[in-house]
Asks: 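Handing you this structure, nothing more for now.
Residue numbers start from 1 in every chain, and the chains themselves are labelled A, B, ... in the order their sequence lines are given, proteins ahead of strands. Values in this document were obtained by computation on a predicted structure and should not be read as measured data.
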Protein chains: 2
Amino acid sequence: MQSYTEENYLKTIYHLAEKTTNVQTNAIAEQMQTKPASVTDMIKKLADKGLIDYIKYQGVTLTEKGKNTAIDIVRKHRLWEVFLVDKLNFKWDEVHDVAEELEHIKSIELIERLDEFLGFPKADPHGDPIPDKNGRFAKTQFIKLIELKVGDSGTITGVSQHSSAFLKHLEKLGLTLGKQIQVSDVTDFDGSVEIQVSDKQVNISREVAKHILISSNGKN
Amino acid sequence: MQSYTEENYLKTIYHLAEKTTNVQTNAIAEQMQTKPASVTDMIKKLADKGLIDYIKYQGVTLTEKGKNTAIDIVRKHRLWEVFLVDKLNFKWDEVHDVAEELEHIKSIELIERLDEFLGFPKADPHGDPIPDKNGRFAKTQFIKLIELKVGDSGTITGVSQHSSAFLKHLEKLGLTLGKQIQVSDVTDFDGSVEIQVSDKQVNISREVAKHILISSNGKN
DNA sequence: AATAATTTTTAGATTTACCTAAAAATAAAA
DNA sequence: TTTTATTTTTAGGTAAATCTAAAAATTATT
Ligand SMILES: [Mn+2]
Ligand SMILES: [Mn+2]
Ligand SMILES: [Mn+2]
Ligand SMILES: [Mn+2]
């Protein structure tokens, strides 16, 4: 059984490992909003418990056991987010912090029944995949909106940025999950992208376009 | 903002204060499954924070602020229990431990929306009243089943014992919340009570009858 | 290869929530 | 009203998770 804090470290390491192979002390510290010295302390403990492999000065990697634990927390986090949006009518930019707390509730039965109650969802309100109870993810095929060419179309199925500011911005532009879009122009000057959504033309910056994930349904 | 532990102390003190006016250190220790010395430490802290009034060797009482905090936790606990039973199909004897964890999730918005989602319930799965968001309880008029005379009838609206063993026993006898009952006999020998429920006759011990709460609907 | 910069670890403290054992206060019994 | 029993508090310590400041290891730059 892991403490609340240990669980958060494992989850952080898991997410960092999605980007870089070798997860470093400073990166963990930044993500956890703590100091590198504290991270070193916790890293030793997690290594002692067999949850991570650790060589001094060389960063850490999750063991099988550690990875399973992390995935389980990710599963809980995302299921709770679905609950908050689908059942309690929270907006997609309001759910993360509450889910950060709910993900630590320790009851297998609870999460099984919640999963069923929600209809075994495959993705959370941000399009992130929800692993099943065995830790398996349905594999998804995303492409960044920025990579689409003029004329390409697709469906918004995820975002790779979860800040409230970003999500509210998308909401305002009508760019929500499930929306059908088509790229109508790419501005030479600043690389901003003009897209067609629900019969409207909207212009989004390169920065925004980078963080919208599209499941492509055909090029032109 | 209180810690998880502080919240549990406040809730324990609140519940003990329902029974005795002056809540003693040993009683708190027993309830919290900890040692009196630890209770003294925490009591000092809560007094410093203005959540309880404390005179050395004289026990404690909740301040207005402390009482409000405690009631808020009771509210959350009971709402989550309703959620678990009504939405996730838990049985009434399975919800308490999970609710003990859920009650500490800190989000006013969450509990407001949960309350609404559940249809603003007035009682939890054990018949315990749920305070509204201002901490006010709908006043209820219970009488213990043991106090009924032969011929008296009423509706089961609560239990004053929450152990899984007791609740499962009632379940097996068909004595669940909302059931209409009538006392048909009281045995001289052991004081056990014979009651009529859903066209069946069941015999329950004095001990069981003491912990079933009835909203009386007329004597005979 | 030597020096400088960066990253990571150790050393030594702090805070929270516990504990045991012993002392002090209060309550009950003789 | 002493004596005894019970309750409560203090004294002193432990473990988890954090911190700052300084030392050590690694990596990058001349
Ligand atoms: Mn999230
Ligand atoms: Mn998410
Ligand atoms: Mn309960
Ligand atoms: Mn209850």
Side-chain angles (χ1 to χ4, degrees), chain A residues 1-17 19-62 66 69-70 73 100-101 103-104 106, chain B residues 1-14 16-17 19-62 66 69-70 73 100-101 103-106:
Chain A
M1 190 96 303
Q2 286 77 227
S3 73
Y4 185 106
T5 310
E6 286 167 6
E7 289 187 350
N8 280 334
Y9 269 91
L10 290 174
K11 192 181 56 159
T12 293
I13 294 167
Y14 175 79
H15 285 310
L16 288 171
K19 305 244 152 188
T20 55
T21 16
N22 179 25
V23 179
Q24 312 200 111
T25 304
N26 273 359
I28 299 171
E30 190 187 17
Q31 199 65 35
M32 295 286 298
Q33 309 227 72
T34 185
K35 303 287 138 136
S38 306
V39 173
T40 301
D41 285 347
M42 181 54 81
I43 266 174
K44 284 177 185 165
K45 194 206 280 196
L46 294 174
D48 286 347
K49 290 193 172 189
L51 294 161
I52 58 176
D53 291 318
Y54 167 52
I55 305 161
K56 264 191 197 174
Y57 292 98
Q58 302 308 132
V60 299
T61 50
L62 291 170
T69 307
I73 300 159
E100 284 293 303
E101 292 191 57
E103 73 189 6
H104 300 288
K106 292 185 188 7
Chain B
M1 190 95 303
Q2 287 78 229
S3 74
Y4 185 105
T5 310
E6 286 166 9
E7 288 186 350
N8 280 333
Y9 269 91
L10 290 174
K11 192 181 56 157
T12 292
I13 294 166
Y14 175 79
L16 288 171
K19 304 245 153 187
T20 54
T21 15
N22 179 24
V23 179
Q24 313 200 106
T25 303
N26 273 359
I28 299 172
E30 191 189 15
Q31 199 65 36
M32 296 285 299
Q33 309 227 70
T34 185
K35 302 289 137 130
S38 306
V39 173
T40 301
D41 283 347
M42 181 55 82
I43 266 175
K44 283 178 187 167
K45 194 206 281 195
L46 294 173
D48 286 348
K49 290 193 172 188
L51 294 161
I52 59 176
D53 291 318
Y54 167 52
I55 304 160
K56 266 189 197 174
Y57 293 98
Q58 302 308 133
V60 300
T61 50
L62 291 170
T69 307
I73 300 160
E100 283 293 303
E101 292 191 56
E103 72 189 6
H104 299 289
I105 304 291
K106 292 183 187 9

Asks: I want to check one thing: is the phosphate of dT8(D), taken as OP1 and OP2, less than 4.0 Å away from some side-chain N or O of N26(B)?
Replies: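 Affirmative; the distance criterion is met.
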Asks: Any side-chain N or O of Q24(B) under 4.0 Å from OP1/OP2 of dT8(D)?
Replies: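 Yes, because at least one side-chain N or O of Q24(B) sits under 4.0 Å from OP1 or OP2 of dT8(D).
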Asks: Is any side-chain heavy atom of L10(A) closer than 4.5 Å to a side-chain heavy atom of I52(A)?
Replies: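 The answer is yes; the side chains approach within 4.5 Å.
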Asks: For Q33(A) and dT18(D), what is the distance between atoms CD and P respectively, to the nearest whole Å?
Replies: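 Going from CD in Q33(A) over to P in dT18(D) covers 12 Å.
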Asks: Without decimals, in angstroms, what is the distance between I43(A) CD1 and dA16(D) C1'?
Replies: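 So the CD1-C1' distance, I43(A) to dA16(D), works out to 17 Å.
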Asks: Should we say atom CD of E100(A) is surrounded by more than 12 heavy atoms from elsewhere, each under 6.0 Å from it?
Replies: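 Enclosed: over 12 neighbouring heavy atoms sit under 6.0 Å from CD of E100(A).
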Asks: Is any side-chain N or O of T25(A) closer than 4.0 Å to OP1 or OP2 of dT9(C)?
Replies: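 Result: yes.
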Asks: A37(B) has a side chain; which of dA11(D), dC18(C), dT26(C) sits nearest to it?
Replies: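 That would be dA11(D).
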Asks: Quickly work out the D48(B) CG to dT16(C) P distance and round it to whole Å.
Replies: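 Atom CG in D48(B) sits about 11 Å away from atom P in dT16(C).
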Asks: For the side chain of Y57(A), counting heavy atoms from C-beta on, which of dA21(C), dT20(D), dT8(C) is nearest?
Replies: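 It is dT8(C).
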Asks: Can you confirm whether K56(B) is buried at NZ, in the sense that more than 12 heavy atoms of other residues, nucleotides or ligands lie under 6.0 Å from that atom?
Replies: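 No, NZ of K56(B) has 12 or fewer neighbouring heavy atoms, counting only those of other groups under 6.0 Å.
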Asks: Ignoring backbone atoms, test whether T34(A) places a side-chain nitrogen or oxygen under 4.0 Å from the OP1 or OP2 oxygen of dC19(D).
Replies: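 Yes, such a contact exists.
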Asks: Would you indicate whether the side-chain heavy atoms of Y9(A) and V39(A) approach each other to under 4.5 Å?
Replies: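 With C-beta onward as the side chain, the pair touches.
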Asks: In whole angstrom, what separates D41(A)'s CG from dA16(D)'s P?
Replies: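 Interatomic distance, CG of D41(A) to P of dA16(D): 12 Å.
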Asks: Check whether any side-chain nitrogen or oxygen of K44(A) sits under 4.0 Å from OP1 or OP2 of dT10(C), and answer yes or no.
Replies: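 K44(A) to dT10(C) OP1/OP2: side-chain N or O found under 4.0 Å.
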Asks: In whole angstroms, how far is the C1' atom of dT10(C) from the OH atom of Y54(A)?
Replies: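 Those two atoms, OH and C1', are 10 Å apart.
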Asks: Check the distance between dT7(D)'s C1' and I55(B)'s CD1 and give it to me in whole angstrom.
Replies: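 Roughly 16 Å, once rounded to whole Å.
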Asks: Checking contacts here: which listed nucleotide (dT10(C), dC18(C), dC19(D)) is nearest the side-chain heavy atoms of S38(A)?
Replies: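 Per side-chain heavy atoms of S38(A), the pick is dC19(D).
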Asks: How many Å lie between CD on E6(B) and C1' on dT16(C), as a whole number?
Replies: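 Checked: the CD to C1' distance equals 9 Å.
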Asks: Please work out if T40(A) contacts a base, only the sugar-phosphate, or nothing of the nucleic acid, heavy-atom cut-off 4.0 Å.
Replies: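 Base, at least one base heavy atom under 4.0 Å.
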Asks: Tell me whether the side-chain N/O atoms of Y9(A) come closer than 4.0 Å to OP1 or OP2 in dT18(D).
Replies: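 Yes.
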Asks: Look at K56(A) and dT10(C) and indicate whether a side-chain polar atom (N or O) is within less than 4.0 Å of OP1 or OP2.
Replies: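 Indeed, a polar side-chain atom of K56(A) lies that close.
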Asks: For M42(A) and dT10(C), give me the distance from atom CE to atom P, rounded to whole Å.
Replies: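 One finds 16 Å between P of dT10(C) and CE of M42(A), rounded.
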Asks: Answer yes or no: is there a side-chain heavy-atom contact under 4.5 Å between I13(B) and M32(B)?
Replies: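 Answer no - side chains too far apart.
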Asks: Quick one: which of dT20(D), dT8(C), dT26(C) gets closest to the side chain of K35(A)?
Replies: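 Comparing dT20(D), dT8(C), dT26(C) against the side chain of K35(A), the answer is dT20(D).
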